[in-house]
Amino acid sequence: MMSNANALMLLARRALTNIQTPVLSFRCFCSQSSSSYSSAPSSSPSAPNNKLFVAGLSWSLDERSLKDAFSSFGEVTEVRIMYDKDSGRSRGFGFVNFTNEDDAQTAKDAMDGKALLGRPLRISFALDKVRGGPVVIPRLSNINMFGRRS
DNA sequence: CGTGAGCGT
């Protein structure tokens, strides 16, 4: 019985003398490491979309040139280069859409780091965030759980 | 005439 009191005192002393060790027995399994995103390839940062973010482009590069350069690796469905409305010149970055992710990956792996028009290209997967895109709003007026009314 | 990281209507 005394050992209990001793242990308690020991704990109290430890708590008083060693404040730097609050709880050591608890391990948090919250982070299971690895990619927590579903359908996320382990060898590809950002979102694995068909959209490729191409930066490092020359300010005088055209979309057709970029598309032609990327069409060699796969079927390019969309090529968009961002232009500045103030200076009227390209911002040096654009987006390339591929029909297949595999082609996009191949094109990225093949063109990323290479130089086009004298400037090194920086290719990476584009983000899913799109500003000013068509906002699709579900028909909340037609949502009826009981089928009453239309 | 030069400039150069980045994520789009």
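The sequence lines fix the lettering, A, B, ..., with proteins before strands; numbering per chain opens at 1.
Taking atom CZ on A:Arg80 and atom P on B:dT9, their separation rounds to 8 Å, with Å as the unit. Residue A:Asp84 contributes atom CG, which lies 13 Å from atom C1' of B:dT3 at whole-angstrom precision. Put simply, NZ on A:Lys51 is 15 Å from P on B:dT9, counting in whole angstrom units. As rounded to whole Å, 15 Å separates atom C1' of B:dC7 from atom CG of A:Leu66. If you measure from atom NZ of A:Lys108 to atom C1' of B:dC7, you get 14 Å, rounded to the nearest angstrom. For A:Phe93 and B:dC7, the CZ to P distance is 8 Å, given to the nearest whole Å. One can place CZ of A:Phe95 at 8 Å from P of B:dT9, the figure rounded to the nearest angstrom. One interatomic measurement links the two molecules: CH2 of A:Trp59 to C1' of B:dG4, which rounds to 5 Å at whole-angstrom precision.
The backbone N or O of A:Thr77 sits nowhere less than 3.5 Å from a side-chain atom of A:Asn97 that would complete a donor-acceptor pair. Listed for the A:Asn100 side chain is no donor-acceptor partner under 3.5 Å among the backbone atoms of A:Asp102.
Between A:Arg89 and A:Glu78, the one whose closest nucleotide on DNA chain B sits nearer the 5' end is A:Arg89. Residues A:Asn97 and A:Arg122 both approach DNA chain B. Their nearest nucleotides, taken by heavy-atom distance, put A:Arg122 toward the 5′ side.
Looking at heavy-atom distances under 4.0 Å, A:Gly94 makes no contact with the nucleic acid at all. A:Leu57 comes within 4.0 angstrom of a nucleotide base, judged by non-hydrogen atoms across all strands.
A:Phe98 has its side chain out of reach of A:Thr106: every pair of non-hydrogen atoms, C-beta onward, lies at least 4.5 Å apart.
Of the candidate nucleotides B:dG4, B:dC7, B:dG8, B:dC7 has the atom lying nearest to any side-chain atom of A:Phe53. Closest to the side chain of A:Ala55, out of B:dT3, B:dG6, B:dG8, is B:dG6.
Aromatic ring centroids of A:Phe125 and A:Phe53 lie 6.0 Å or more apart.
Put simply, the residue from A:Leu117, A:Leu61, A:Val76 that forms a side-chain contact (heavy atoms from CB on, under 4.5 Å) with A:Leu66 is A:Leu61.
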